[in-house]
Chemist: 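The structure is given below, and queries will be raised subsequently.
Please read all numbers here as calculations on a predicted model, not as lab measurements. Computed from heavy atoms alone, side chains included, the values below leave out hydrogens, waters and symmetry copies.
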Amino acid sequence: MTEEETKSRLISVASLSARYCLALEKAREAEKRDFIVELLGYLPRLYWEFSDIRVEDNSIDPEYEYFPEYVDEDYYETIRRNIETLMGEDDVFLETFEEDMKYSDTPVAASISESLADIFQPLYNFISVVNDSEGESLEKAFRECKENFEAYWSQSVCNVMRALNRLRYNPEQ
């Protein structure tokens with residue numbers, strides 16, 4: 001892939017990330033079914049893009065650039081609570097990949113709202129860095145977000161997609 005093609009894909013993934021974040025920010029006004037359908041459109045695409053795009057570190061500067069955190073605890077909680085309110089009793093799902101499941105006789109519950117907010121946080125930070133730098137930090141911000149994707153939020157994407165899929169196609173279960 002050429003540098004120009006990579007840059008185009010990074011701009012596209014930044015746009016996709018922004019649309020995901022906007023959907024979560026507007027969860028309060030959303031209809032549950034529409035919200036679920038919209039997220040099931042974004043999540044697999046986010047997973048694919050963050051898995052597939054490779055960005056080489058061409059920086060000469062050996063210093064690692066730390067980006068600011070744009071999502072504080074209050075903002076995170078606001079996003080999470082709004083989704084929790086929208087999802088109601090459907091917010092909780094059984095988590096089968098939780099490490100504690102190995103040692104538990106009882107199922108481990110997870111939260112759709114918390115999973116979605118956990119994905120929101122690095123994506124919102126990514127797009128905020130890109131916006132604040134007027135696109136100059138696109139590759140570095142993507143690289144940092146991808147590192148976080150690989151470390152923790154990729155599993156959240158997979159788990160919450162399963163829960164949302166059940167609500168979309170088997171709502172009575």
Chemist: Between atom CZ of Phe120 and atom OG of Ser156, what is the distance when rounded to the nearest 0.5 Å?
Modeler: 14.5 Å

Chemist: Is it the case that Glu25 and Tyr75 place a side-chain donor and acceptor less than 3.5 Å from each other?
Modeler: yes

Chemist: Would one find more than 12 heavy atoms of other residues, nucleotides or ligands at under 6.0 Å from atom NZ of Lys32?
Modeler: yes

Chemist: Mind checking whether Leu46 and Leu22 sit in one hydrophobic cluster, side chains of I, L, V, M, F, W, Y counted as touching below 4.5 Å?
Modeler: no

Chemist: State, with a plain yes or no, whether a side-chain heavy atom of Leu24 is found less than 4.5 Å away from one of Tyr124.
Modeler: no

Chemist: Please determine whether residues Val92 and Ile79 belong to a single hydrophobic cluster, defined as Ile, Leu, Val, Met, Phe, Trp and Tyr linked transitively by side-chain heavy-atom distances below 4.5 Å.
Modeler: no

Chemist: Can any side-chain N or O of Arg168 pair as donor or acceptor with the backbone N or O of Arg33 at less than 3.5 Å?
Modeler: no

Chemist: Could you tell me whether the side chain of Leu43 reaches within less than 4.5 Å of the side chain of Tyr20, counting heavy atoms only?
Modeler: yes

Chemist: Determine, stepwise, if the pair Thr2 / Lys7 fulfils side chain to side chain contact (heavy atoms under 4.5 Å, CB included).
Modeler: CA-CA 9 Å; Thr2 68; Lys7 179 105 174 179; over 6 Å; no

Chemist: Between the side chain of Asp91 and the main-chain N/O of Glu84, is any donor-acceptor distance below 3.5 Å?
Modeler: no

Chemist: Side-chain heavy atoms under 4.5 angstrom apart, residues restricted to Ile, Leu, Val, Met, Phe, Trp, Tyr: same cluster for Tyr152 and Val160?
Modeler: yes

Chemist: Is it the case that one hydrophobic cluster holds both Leu39 and Val37, taking links as side-chain heavy atoms less than 4.5 Å apart, direct or via other members?
Modeler: no

Chemist: On a heavy-atom basis, which atom in Ile83 and which in Ala27 lie closest, and how many Å separate them?
Modeler: CG1-CB, 3.9 Å

Chemist: Show your reasoning for whether side chain to side chain contact (heavy atoms under 4.5 Å, CB included) applies to Phe35 and Lys26.
Modeler: CA-CA 9 Å; Phe35 182 75; Lys26 292 185 170 193; over 6 Å; no

Chemist: Please give me the minimum heavy-atom distance between Ile127 and Ala14, naming the atom from each residue.
Modeler: CG2-O, 3.4 Å

Chemist: Can you find a pair of side-chain heavy atoms, one from Glu114 and one from Tyr76, that are under 4.5 Å apart?
Modeler: yes

Chemist: Give, for atom CG of Leu167 and atom CG of Asp90, the distance between the pair rounded to the nearest 0.5 Å.
Modeler: 4.5 Å

Chemist: Tell me whether the count of non-hydrogen atoms from other residues, nucleotides or ligands lying under 6.0 Å of CZ in Arg28 goes above 12.
Modeler: no

Chemist: Any chance you could measure Ile119, atom CD1, to Tyr47, atom OH, to the nearest 0.5 Å?
Modeler: 11.5 Å

Chemist: State the CG-CZ distance between Leu164 and Arg166, to the nearest 0.5 angstrom.
Modeler: 9.5 Å

Chemist: So, the side chain of Ser137 versus the backbone of Lys140: is there a donor-acceptor pair under 3.5 Å, distance only?
Modeler: no

Chemist: Is the side chain of Asn125 donor-acceptor paired with the backbone N or O of Tyr70 at a distance under 3.5 Å, no angle test?
Modeler: yes

Chemist: Is there side-chain contact between Trp48 and Arg45, with at least one heavy-atom pair below 4.5 Å?
Modeler: no

Chemist: For Ile11, is there any backbone N or O sitting under 3.5 Å from a side-chain donor or acceptor partner on Ser15?
Modeler: no

Chemist: Run the numbers on Glu144 and Asn148 for side chain to side chain donor-acceptor pair (under 3.5 Å), then give the verdict.
Modeler: CA-CA 6 Å; Glu144 182 173 303; Asn148 291 328; 4.7 Å; no

Chemist: Which distance, rounded to the nearest 0.5 Å, do you find between the CG of Leu116 and the CG of Asn82?
Modeler: 12.5 Å

Chemist: For Glu5, does the CD atom have more than 12 heavy-atom neighbours from other residues, nucleotides or ligands under 6.0 Å away?
Modeler: yes

Chemist: Please report the interatomic distance CD(Glu73) to CD(Gln121), rounded to the nearest 0.5 Å.
Modeler: 10.0 Å

Chemist: Among Glu49, Glu139, Glu4, which residue satisfies the salt bridge (Lys or Arg N to Asp or Glu O under 4.0 Å) criterion with Arg9?
Modeler: Glu49

Chemist: Backbone N or O of Ile53 within a donor-acceptor pair of the Lys146 side chain at under 3.5 Å?
Modeler: yes

Chemist: So, for Val130 and Ala141, which heavy atoms are closest and what is the spacing to 0.1 Å?
Modeler: CG2-CB, 4.1 Å

Chemist: Salt-bridge test for Arg80 and Asp118: reply yes if a basic N is under 4.0 Å from a carboxylate O, no otherwise.
Modeler: no

Chemist: For atom CD of Glu29, decide whether the heavy atoms of other residues, nucleotides or ligands shown that lie under 6.0 angstrom number more than 12.
Modeler: yes

Chemist: Do Met161 and Pro44 make a side-chain contact, defined as non-hydrogen atoms from C-beta onward lying under 4.5 Å apart?
Modeler: yes

Chemist: Looking at Cys145, Cys158, Ser115, which one forms a side chain to side chain contact (heavy atoms under 4.5 Å, CB included) with Trp153?
Modeler: Cys145

Chemist: Do Asp72 and Glu69 make a side-chain contact, defined as non-hydrogen atoms from C-beta onward lying under 4.5 Å apart?
Modeler: no

Chemist: Indicate yes or no: at least one non-hydrogen side-chain atom of Phe126 is less than 4.5 angstrom from one of Phe67.
Modeler: no

Chemist: If the plane angle is over 60° it's perpendicular, under 30° parallel, otherwise tilted; pick one for Phe50 and Phe142.
Modeler: parallel

Chemist: Work out which heavy atom in Asn159 is nearest to a heavy atom in Phe93; give both atom names and the distance.
Modeler: O-CE1, 3.8 Å

